[in-house]
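Down below is the structure, laid out as structure tokens.
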Amino acid sequence: MSNKLAISGGTPVRNTQTHPWQPWPMNTAEEWESKIEPLLRDVYLSGNEGLGGSMIPRFCEQYAEYTGTNYAIFMPHGTDSISAALSAALDLDGFSIGGEIIVPNYTFVATASAVLDCRCTVTFVDICPETFTIDPNAVEEAITPETVAILPVHLGGHPADMVTLGEIAQRHNLKIIEDCAQAHGAEFQAKKVGSLSHVGAFSFQSSKNLTSGEGGMVTTNDKDIHDRVCAFMNVGRAPGGARWEYPRLGWNYRPSEYLAAILSVRMELLEAQTDLRNRNANYLSTALETIAGITPPKLAPWVTKHGYHLYCMKYDSDGFNGKTRQEFVSALSAEGIPCSIGYRSPLSQEPGMAHIGEKYPQLIRTMPCPNTELVCNESVWLFQNMLLGSESDMNLVVDAIAKIHRAWN
């Protein structure tokens, strides 16, 4: 292997033109012909492509069984799922001020925008620097008389500390809504995320570990929450109620039967794919521990299975002779290893959120977040599809990082 970096004109460790990474989703003609096409044909010929169809109820039962919950309600998007879960857990009508929700400051924008959409206020708090998930100590410090709920994010697929958060919630009479958008298949003490609180919200957006391009799911063990989510999604109707009766005011967030058909097939592979991601991530972490300047993801003791939507490393420029993280990401990408710096700044500082905070200061409160700022400056992400490769693929990731390390030291 040439020691000259690809970014400087050398040969890349992996030629992605001849050896591309595993595409996502993993579509095949055989799966289309044997599984997907027959189901879509059934939906098409049934005449029930949405309301009244059988594919959505079947998929909801499948997902509830998988997550170990009593109920699962299919939604059009992950953002809608958070809004519905939040509204149902707090019994909001969408018109009065809903109270303060505590949110980690290291997350995708939808976690907070869904809160604001429900006419709740956001309090951003810090994360744990090892897990990238919400810090329970920061949560407790942020609680005020206006606080009504905690919205932990299982960032990258790593479950948050749900036991400690549950104890805090119980002491202060708060609801917990899990953002599971990046954590399909993840387990906390052998229990699937989405079953660990009052209600969970999932996303099936195109990058997610289970995808139909767009889509979402709300999971819960609480019948009242289930019924309120159904009303939120289906113009206020009660589950099993009459079509022209509206016991609550709701909206139209009904999803498509076609998406449920696709997801029901892909669900069959989710657990095996999650296990493969965990094996490859563990192999990769063991190998990367020997390279100064790279800190592989750290798993908390409660994690019995990581979701690995993201493989979140930390980069220390001191181990690479002072080269910046952006220089490292550019060099690694040139070697044929796709990667990203992830969230560039705490969400509270992103222009859109900062603008709302300045214009409507009563809506957003930000606690000190030194760990979030540190992680934003050090993180390097690899993506879930890469972890579906072979052991030799993982070795190429290690080889590329080691090559960069040698070249800069």
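Worth saying up front: this structure is predicted, and the values here are computed from it rather than measured. Along the sequence shown, residues are numbered consecutively beginning with 1. Reckoned from all heavy atoms, side chains included, excluding hydrogens, waters and symmetry mates.
- Listed for the N209 side chain is no donor-acceptor partner under 3.5 Å among the backbone atoms of H184.
- To the nearest 0.5 Å, atom CG of residue L39 and atom CD1 of residue I262 are 9.5 Å apart.
- Within 6.0 Å of the NZ atom in K298, the count of heavy atoms belonging to other residues, nucleotides or ligands exceeds 12.
- For Q170, the CD atom is loosely surrounded, since the number of other residues' heavy atoms within 6.0 Å does not exceed 12.
- With rounding to the nearest 0.5 angstrom, the CG atom of L270 is 9.5 Å from the CG atom of D275.
- Between K35 and E30 there is no salt bridge, since no side-chain N of the basic residue sits under 4.0 Å from a carboxylate O of the acidic one.
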With salt bridge (charged side-chain N to carboxylate O under 4.0 Å, His left out) as the criterion, how do R365 and E146 come out once you've worked through the C-alpha distance, each side chain's angles and the decisive distance to 0.1 Å?
CA-CA 12 Å; R365 182 167 65 106; E146 286 72 44; over 6 Å; no

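- S203 and Q205 share no side-chain donor-acceptor pair at under 3.5 Å.
- Checked by atom type and distance alone, the side chain of E350 never pairs as donor or acceptor with a backbone atom of G352 at under 3.5 Å.
- The two residues I341 and R344 come nearest to each other via the heavy atoms CD1-CG, 3.9 Å.
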Yes or no on side chain to side chain contact (heavy atoms under 4.5 Å, CB included) for W32 and N27, after CA distance, side-chain angles and deciding distance?
CA-CA 8 Å; W32 167 259; N27 296 335; over 6 Å; no

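- Side chain to side chain, N278 and H306 fail the donor-acceptor criterion of an N or O pair below 3.5 Å.
- In this structure, the side chains of P346 and Y106 stay at 4.5 Å or more apart for every pair of heavy atoms.
- Atom OG of S195 is separated from atom CD of E187 by 9.0 Å, given to the nearest 0.5 angstrom.
- Using a 4.5 Å heavy-atom threshold, the side chains of T295 and Y315 count as separate.
- At distances below 3.5 Å, at least one donor-acceptor pair connects side-chain atoms of E327 with backbone N or O atoms of T324.
- Between Y311 and W381, the distance separating the two ring centers is not shorter than 6.0 angstrom.
- I82 has its side chain within reach of D179: a pair of non-hydrogen atoms, C-beta onward, lies under 4.5 Å apart.
- Residue-environment remark: CD (E65) stays at or below the threshold of 12 foreign heavy atoms within 6.0 Å.
- P152 has its side chain out of reach of T133: every pair of non-hydrogen atoms, C-beta onward, lies at least 4.5 Å apart.
- Between the side chain of K359 and the backbone N or O of A354, no donor-acceptor pair lies under 3.5 Å.
- Contact check for L174 versus I143: side-chain heavy atoms found under the 4.5 Å cut-off.
- The distance from atom CG of N385 to atom CD of Q273, rounded to the nearest 0.5 Å, is 11.0 Å.
- For T121 (side chain) and L363 (main-chain N/O), no donor-acceptor pair under 3.5 Å exists by modelled atom type.
- Annotation: F132 is not in aromatic contact with H158 [ring centroid separation under 6.0 Å not met].
- Around CD of Q326, the count of heavy atoms belonging to other residues, nucleotides or ligands within 6.0 Å exceeds 12.
- Closest approach of V43 and E49 over heavy atoms only: CG1-CA, 4.0 Å.
- The closest donor-acceptor contact from the side chain of K314 to the backbone of P129 lies under 3.5 Å.
- Under a 3.5 Å cut-off, the side chain of N371 and the backbone N or O of I127 do form a donor-acceptor pair.
- Here the side chain of N252 pairs no donor or acceptor atom with the backbone of N234 at under 3.5 angstrom.
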Atom pairs and distances, side-chain donor-acceptor, residues 212-223, under 3.5 Å, sequence neighbours left out:
residue: S212; atom: OG; partner: E214; partner atom: O; Å: 2.6
residue: T219; atom: OG1; partner: G194; partner atom: O; Å: 2.8
residue: T220; atom: OG1; partner: H198; partner atom: O; Å: 2.7
residue: T220; atom: OG1; partner: D222; partner atom: N; Å: 3.1
residue: N221; atom: OD1; partner: N70; partner atom: N; Å: 2.8
residue: D222; atom: OD1; partner: D224; partner atom: N; Å: 2.8
residue: D222; atom: OD1; partner: I225; partner atom: N; Å: 3.0
residue: K223; atom: NZ; partner: D227; partner atom: OD2; Å: 2.7

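- Minimum interatomic distance between M55 and E257 (heavy atoms only, all atoms of both residues): N-OE1, 2.8 Å.
- Closest of all the heavy-atom pairs between G336 and T16 is O-CG2, 3.5 Å.
- Defined by atom type and a distance below 3.5 Å, a donor-acceptor pair is present between the side-chain atoms of N395 and Y283.
- Taking CD1 of I134 as the start and CG of N105 as the end, the distance is 10.0 Å to the nearest 0.5 Å.
- With contacts defined as side-chain heavy-atom distances shorter than 4.5 Å, the pair H226/P239 qualifies.
- From L382, atom CG reaches atom SG of C339 across 6.5 Å, with rounding to the nearest 0.5 Å.
- In summary, E391 and R279 do not engage in a salt bridge, as defined by a charged side-chain N under 4.0 Å from a carboxylate O.
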Please report the C-alpha distance between R41 and Y44 in whole Å, then the side-chain angles of each, then the deciding distance to 0.1 Å, and finally whether the side chain to side chain contact (heavy atoms under 4.5 Å, CB included) criterion is met.
CA-CA 5 Å; R41 184 177 186 275; Y44 181 80; 5.5 Å; no

Give the intermediate values and the outcome of side chain to side chain contact (heavy atoms under 4.5 Å, CB included) for residues V139 and M367.
CA-CA 10 Å; V139 169; M367 302 294 286; over 6 Å; no

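- Proximity of L151 to V115: side-chain heavy atoms (C-beta onward) are separated by under 4.5 Å at one or more points.
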Chi angles and distances behind the side chain to side chain contact (heavy atoms under 4.5 Å, CB included) call for M386, I337:
CA-CA 9 Å; M386 300 169 68; I337 312 300; 3.7 Å; yes

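- The residues R248 and D91 are annotated as salt-bridged, a charged nitrogen and a carboxylate oxygen being separated by less than 4.0 angstrom.
- Side chain of R325 to backbone of S379: a donor-acceptor contact under 3.5 angstrom is found.
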Would N282 and S285 count as a side chain to side chain donor-acceptor pair (under 3.5 Å) here? Give the steps.
CA-CA 5 Å; N282 292 341; S285 293; 5.6 Å; no

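- In this structure a side-chain-to-backbone donor-acceptor pair under 3.5 Å is missing from E178 to V153.
- Cation-pi geometry between R237 and W251 is not met: the NZ or CZ atom fails to fall both under 6.0 Å from the ring centre and inside 45° of the normal.
- Between P159 and V303, the shortest heavy-atom distance links the atoms CD-CG2, 3.8 Å.
- Enclosure of atom CZ in F383 by more than 12 non-hydrogen atoms of other residues, nucleotides or ligands within 6.0 angstrom is indicated.
- A heavy-atom distance below 4.5 Å is not found between the side chains of N280 and Y308.
- Considering all non-hydrogen atoms of both residues, F328 and I401 come closest at CZ-CG1, 4.1 Å.
- The pair R14-D393 meets the salt-bridge criterion, with a side-chain N (NZ, NE, NH1 or NH2) lying under 4.0 Å from an Asp/Glu carboxylate O.
- Aromatic rings of Y253 and F74 (six-membered ring for Trp) have centroids beyond the 6.0 Å cut-off, not under it.
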